[in-house]
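Ligands are counted one by one from 1 in listed order, and the atoms in each one are counted from 1 as well.
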Amino acid sequence: MMNVTAKELIDGGPGLSVGVLTADLLRLGEELGALDEAGVAIAHVDVMDGVFCPQTTVGPPIVKALPDRFVKDVHLMIDEPLEKVQAYLDAGAGIVTFHVESTIHPHRVLQRLAGSGVVRGVALNPGTPVAAVEPLLDELELVLVLAVNPGWGGQSFIPATEHKLAAARELIHDREIVLAVDGGITKANVEHVASLGVDLIVTGSAVYDGKAPAGNARAMLEAVGRARTGASA
Ligand code: DX5
Ligand code: ZN
């Protein structure tokens, strides 16, 4: 398993985590070669259970099957994650993020994950105010702001997310917490999103578009790099 710390993600950021759901899952091994070619080291897996959100996707076996050279970034869009997180730790997750809306015991889920070596993340749906994570800040290492409603890849970035990212940044203040954003990030807006004070950017269908994943990933990394150095194209 490939581990990463919040500090490494923050110091090296903004970084790119690529969602594999729209890759050809029957050829996932080959498809991941595109990330190697482009130099992307974080693979994002969208786990949906058909209860918390409408679609059902994948679970621990796919996370386990992902090669250990990647940081396995597991985004749980599942109901009541408390008893389910252990299977993802066992599958070698490097980051485990669950939704604050998915349980009445988010603090307890974070306690369950403590000491596992995983980066503990809490995600917020577009309709949830950032204040929902305020009581959890001493127990988490990552806040994931969803820029789309969870369910599918390929949706449009909700503009109000910009304001929300600013509010999340203010809430995090000087704590060692990764600010991440997920949904609707494309080649056209990634440079702008990277300039919004985020540490980690999740992108899915803009890379795995069925055409040129390596080229797409490279283009997005370059755009993020431009935002990092402030050298706008
Ligand atoms: C939203 C998921 C996202 C999504 C990203 O349900 O959490 O990770 O798959 O896909 P794009 O980048 O296509 O919006
Ligand atoms: Zn996701």
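Looking from atom 14 (O) of ligand 1 to the surrounding protein, the closest heavy atom is Gly184 N, 2.8 Å. Looking at atom 9 (O) of ligand 1, its nearest protein heavy atom turns out to be Asp46 OD2, 2.9 Å.
Every atom of ligand 1 with a heavy atom of Gly183 under 4.0 Å away is listed here by number and element: 14 (O). Close approach of ligand 1 to His44 is summarised as follows: ligand atoms under 4.0 Å from at least one heavy atom of the residue are 8 (O). Per-residue contacts place His75 under 4.0 angstrom from the following atoms of ligand 1 (heavy atoms of the residue considered): 7 (O). Counting the atoms of ligand 1 from 1 in the order shown, those under 4.0 Å from a heavy atom of Ser205 are 11 (P), 12 (O), 13 (O). Heavy-atom proximity to Met48, at under 4.0 Å, picks out these atoms of ligand 1: 6 (O).
Residue Asp182 approaches the Zn ion (ligand 2) most closely through its N/O/S atom OD2. Shortest distance from the Zn ion (ligand 2) to His75 is reached at ND1 (N/O/S atoms only).
When atom types are taken as modelled, the side chain of Glu139 and the backbone of Leu136 share no donor-acceptor pair closer than 3.5 angstrom. Of the possible donor and acceptor atoms, none in the side chain of Arg108 sits under 3.5 Å from a partner among the backbone N and O of Ile104. Of the possible donor and acceptor atoms, none in the side chain of Glu162 sits under 3.5 Å from a partner among the backbone N and O of Leu196. Between the Lys164 side chain and the Thr128 main chain, a donor and an acceptor come within less than 3.5 Å of each other. Listed for the Asp68 side chain is no donor-acceptor partner under 3.5 Å among the backbone atoms of Gly92.
Checked against a 3.5 angstrom limit, the closest N/O atoms of Gly151 and ligand 1 fall inside it. No N or O atom of Gly153 sits closer than 3.5 Å to an N or O atom of ligand 1. Annotation: Gly204 places an N or O atom under 3.5 Å from an N or O atom of ligand 1; distance criterion only. Of the N or O atoms in Gln155, none lie within a sub-3.5 Å distance of an N or O in ligand 1. Residue-to-ligand polar distances place Gly154 within reach of ligand 1: an N/O pair is separated by less than 3.5 Å.
Salt bridge Glu141/Arg120: present, at least one basic N to carboxylate O contact under 4.0 Å. With respect to Arg69 and Asp36, a salt bridge is recorded, a charged nitrogen being found less than 4.0 Å from a carboxylate O. A salt bridge does not link Asp79 with Lys84: every distance from a Lys NZ or Arg NE/NH1/NH2 to an Asp or Glu carboxylate oxygen is 4.0 Å or more.
Using cut-offs of 30° and 60° for the angle between ring planes, the Phe52 and His99 rings count as tilted.
Expressed to the nearest 10°, the angle at the Zn ion (ligand 2) joining NE2 in His44 with OD1 in Asp46 is 90°.
Judged by the shortest distance from any of its heavy atoms, Met77 lies inside the 4.0 Å radius around the atoms of ligand 1. By the 4.0 Å heavy-atom criterion, Thr203 is counted among the residues contacting ligand 1.
Ile10 contributes atom CD1, which lies 8.0 Å from atom CD1 of Ile177 (distance to the nearest 0.5 angstrom). A distance of 13.5 Å separates CD in Glu191 from CD1 in Ile185, rounded to the nearest 0.5 Å.
For the residues Asp182, Ile185, Thr186, the heavy atom positioned nearest atom 7 (O) of ligand 1 is part of Asp182.
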